[in-house]
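Okay, so here's the structure we're looking at.
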Amino acid sequence: MSKGLEDVVAGPTSITFIDGARGRLSYRGYDIAELVAHSNYEEVAYLLWHERLPTREELKAFTKDLVSKRRLPAGVRLSLDSLSHDCDTMDALEMAIAALGIYDDPNMPHVEKAASIASKIGSIVAYVHQHKHLLSHLEPRDDLGFAANFLYMITGQVPDAAAEGLMNAILVLHADHELNASTFTARVVASTLSDMYSSVTAAVAALKGPLHGGANEWVVEMVEEIRSPERAEAYLLEKLARKEKVMGFGHRIYKGHDPRAKIMRSYAGQIASTDEERKNLAILDTLAEAMIRERGIYPNLDFYSGFVLHHLQIPTYLFTPIFAVGRTPGWLAHVMEQYADNRIIRPMAEYVGPRDSVYVPIGDRKGGTG
Ligand code: COA
C-alpha cells in the first residue's frame, strides 16, 4: 500500500519524462528549456499529440485548424450566460467542457475532438471572465496565434511580441507533467472508455484543488499578506512552526529544483520593472531561500507563475483556469494514449474497516456519537 500512490508506476507513457532527482523534464524527449526557448503552444500541442515536431507546412495547417475551432457553440454560450456573475471560474469551466461534449459532433476522430477542446477552452475562460465583469464578449481574432489571441480575449488588447512570447512560455511550461493528479484523473475516466469531454471535465475538477493547480493563487495572496521582503522570512518560519503548508513549495516527484520553476524565475527576473514587481520578487526569493535552507523544499511551478501572470495583467482568479488551458494538450495526449492501449484503471484498497458486522434491524439500533 502506498498512500497517495507515491512511487507507484501506474502504466507506460511515451509523452513526458520527469527525472525528479536531476530536475529534468522533457516532452517526447525534448528538454523543456529548449521547447520554451524555441517553440510555441501550437508546436508543443502538435508534438504531444503526434509524437514528433511538425514541419513548417504541418504546423501551418495545424494552427489553421485550431484557429477554425475557437468559436463556442451557441449552446455553450447560453449555458455560461445562465450562470451567476460571481460564479467560480473553474466550476464554469467544468460545466462548459461537459456542455461542449453535448454540442460537438460525437463522430469526429479523437484528434479532431482534441483540437476542438484545446482551441475552445481558451475561449471559454475568456467568456467566463467577460461574463463575470458584465463585459461584452470578444470574438476570437483569426489572425493571431493561440497565445496572442488568448491574451487579446482576456485583456481586450492585442499583445506585443514580448507578452505573446511570455504567454507561450507559460503555456508550454504547463503543457504536460506525466501522471500528475489531474492527468491521472483524465486517464482513469478515459480508461472506462468514457469520452474525451468527460475526461477533461474531470481533469479540471482535479486541478481546481489548492494542492494542485490552485496553489499559484494562494502564493499571490501570501505575497500580498507579507507586504515587504523584510517580513518574508519571519512569515515563513512562523508558518513552518505551525506545521502549515506553504503554497508553491514541494513536489511529489522533484526533490530538488523544479526545472519549470527555474525557468519561470528567470522570466520573472527579466520582466520585473516596477517598484511593486521588484518588491514582490524579493519577497518570493526570500521565501524560497529560507524554505530551501530550513527544509530543503524547493519552489514548484506555481511559485513564480502568478508573478508572471500578473505582469501580463491577468487577474488572480484566472490563474488556475490558465493552468487548465495550458495543461489541456497534455490531458488530451494522455487520453489518446490511454485509448490506444486501454485497460480499465482499477486499483485495490487496503481494507481497514470492521469485519463480520452483525446486521441490527433499524428499530433496535442505538445510534452513535459520530
Ligand atoms: N510547505 C511545508 N511543508 C511541506 C510542503 C510545503 N509546501 N510540501 C511538502 N512539505 C513537507 C510535508 O509537511 C512533509 O513533511 P513531513 O514528512 O515532516 O510530514 C514532507 O514535506 C512531504 O510532503 P507531502 O505533503 O507528504 O508530499 P506530497 O508528495 O504528498 O505532496 C505536494 C506534494 C505538492 C502536494 C506538497 O508539496 C504540497 O502540498 N505543496 C503545496 C501545494 C503546492 O504548491 N502545490 C502545487 C504543486 S505543483
Side-chain angles (χ1 to χ4, degrees), residues 27 35-36 38-77 80 93 96-97 99-101 103-105 107-130 135-176 196-197 200 312 314 318 321-333 335-336:
Y27 303 158
L35 290 173
V36 172
H38 305 298
S39 222
N40 65 5
Y41 171 88
E42 287 87 346
E43 194 172 61
V44 167
Y46 188 101
L47 172 68
L48 294 174
W49 298 350
H50 296 282
E51 305 181 28
R52 61 174 176 82
L53 287 169
T55 64
R56 201 184 295 279
E57 281 311 305
E58 285 168 339
L59 183 59
K60 209 169 143 194
F62 183 73
T63 303
K64 199 170 157 204
D65 184 49
L66 290 181
V67 167
S68 74
K69 291 181 162 61
R70 281 180 188 156
R71 283 172 176 73
L72 299 179
V76 173
R77 296 166 73 113
L80 289 169
L93 196 52
I97 300 292
L100 186 58
Y103 297 106
D104 261 0
D105 174 4
N107 298 316
M108 285 193 293
H110 289 326
V111 75
E112 283 276 306
K113 286 182 187 165
S116 175
I117 296 170
S119 301
K120 291 186 180 71
I121 195 167
S123 307
I124 293 169
V125 170
Y127 198 93
V128 178
H129 170 63
Q130 289 142 7
L135 300 167
S136 52
H137 295 293
L138 290 174
E139 285 302 316
R141 287 262 308 245
D142 293 353
D143 57 328
L144 300 176
F146 186 93
N149 176 65
F150 183 57
L151 276 176
Y152 162 72
M153 289 184 79
I154 298 282
T155 64
Q157 310 284 327
V158 175
D160 60 19
E164 181 180 1
L166 211 48
M167 193 69 225
N168 265 308
I170 290 168
L171 295 170
V172 169
L173 283 173
H174 283 88
D176 194 40
M196 291 177 116
Y197 303 86
V200 173
L312 291 171
I314 291 175
L318 288 182
I322 287 174
F323 191 149
V325 171
R327 183 57 54 87
T328 297
W331 287 334
L332 292 161
V335 167
M336 288 189 276

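Residue indices begin at 1 and follow the sequence shown.
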Query raised in the report: Nearest 0.5 Å, what's the CG-NZ distance between D105 and K113?
Result: 7.5 Å

Requested in this report: Check whether any side-chain heavy atom of E58 sits under 4.5 Å from a side-chain heavy atom of L53, and report yes or no.
Outcome: no

Query - Which atom of G156 lies closest to which atom of L138, heavy atoms considered - result: CA-CD1, 3.7 Å

Report task. Tell me, please, which residues at least two apart from Y127 pass ring pair (Phe, Tyr, Trp, His ring centres under 6.0 Å). Result -> H137

Query raised in the report: Is it true that a side-chain atom of K120 and a backbone atom of K69 form a donor plus acceptor pair closer than 3.5 Å?
Result: yes

Query - CZ on R56 to CD on E43, rounded to 0.5 Å - result: 10.0 Å

Query raised in the report: A333: what forms a side chain to side chain contact (heavy atoms under 4.5 Å, CB included) with it, not counting sequence neighbours?
Result: I15, L48, W49

Using atom types as modelled, flag every donor-acceptor pair under 3.5 Å from a side chain in residues 321-329 to any protein atom, sequence neighbours excluded.
{"unit_1": "R327", "atom_1": "NE", "unit_2": "H174", "atom_2": "O", "d": "2.5"}
{"unit_1": "R327", "atom_1": "NH1", "unit_2": "N180", "atom_2": "OD1", "d": "3.2"}
{"unit_1": "R327", "atom_1": "NH2", "unit_2": "H174", "atom_2": "O", "d": "3.3"}
{"unit_1": "T328", "atom_1": "OG1", "unit_2": "A324", "atom_2": "O", "d": "2.6"}

Requested in this report: Give, for atom CG of L93 and atom CD1 of I121, the distance between the pair rounded to the nearest 0.5 Å.
Outcome: 4.5 Å

Query raised in the report: Taking atom NE2 of H129 and atom OG1 of T155, what is their separation to the nearest 0.5 Å?
Result: 8.0 Å

Report task. Please name the pair of heavy atoms, one in A99 and one in V76, separated by the smallest distance, quoted to 0.1 Å. Result -> C-CG2, 4.1 Å

Query raised in the report: Going through the distances and angles, do E164 and V158 end up as a side-chain contact (heavy atoms from CB on, under 4.5 Å)?
Result: CA-CA 9 Å; E164 181 180 1; V158 175; over 6 Å; no

Query raised in the report: Would you say the side chain of S136 lies within less than 4.5 Å of the side chain of Q130, judging by non-hydrogen atoms?
Result: no

Query - Heavy-atom pair of closest approach, residues L151 and A163 - result: CD1-O, 3.6 Å

**Report entry** Rounded distance (nearest 0.5 Å) linking atom CG of D176 with atom CG of L332
**Finding:** 10.5 Å

**Report entry** F150 side chain reached by V125 side chain, heavy atoms, under 4.5 Å
**Finding:** yes

Report task. Kindly say whether L144 contributes a backbone atom to a donor-acceptor pair with the side chain of N149 at under 3.5 angstrom? Result -> no

Requested in this report: Taking ring pair (Phe, Tyr, Trp, His ring centres under 6.0 Å) as the test, write out the residues that go with H110, two or more places apart.
Outcome: Y339

**Report entry** Which residues share a ring pair (Phe, Tyr, Trp, His ring centres under 6.0 Å) with Y41, sequence neighbours left out
**Finding:** F146

Query raised in the report: Which residues satisfy the ring pair (Phe, Tyr, Trp, His ring centres under 6.0 Å) test with Y197, sequence neighbours excluded?
Result: none

Requested in this report: Decide side-chain contact (heavy atoms from CB on, under 4.5 Å) for L318 and V128; before the verdict, give the C-alpha distance in whole Å, the side-chain angles of both, and the deciding distance to 0.1 Å.
Outcome: CA-CA 10 Å; L318 288 182; V128 178; over 6 Å; no

Query - Close side-chain approach of M336 to M196, heavy-atom, < 4.5 Å - result: yes

Query - Whether S123 side chain and R70 backbone form a donor-acceptor pair below 3.5 Å - result: yes

Requested in this report: Without swapping roles, check the side chain of Y27 against the backbone of L47 for a donor-acceptor pair under 3.5 Å.
Outcome: no

Report summary line: Interatomic distance, CD1@I170 vs CG@L312, rounded to 0.5 Å, equals 5.0 Å

Query raised in the report: For the residue pair F62 and E42, what are the closest heavy atoms and their distance?
Result: CE2-O, 3.3 Å

Query raised in the report: Under 3.5 Å, side chain of T63 to main-chain N/O of L59, donor-acceptor pair present?
Result: yes

Query raised in the report: Under 4.5 Å between any side-chain heavy atoms of L171 and N40, yes or no?
Result: no

Requested in this report: Please tell me if the side chains of D142 and R71 come closer than 4.5 Å, counting only heavy atoms from C-beta onward.
Outcome: yes

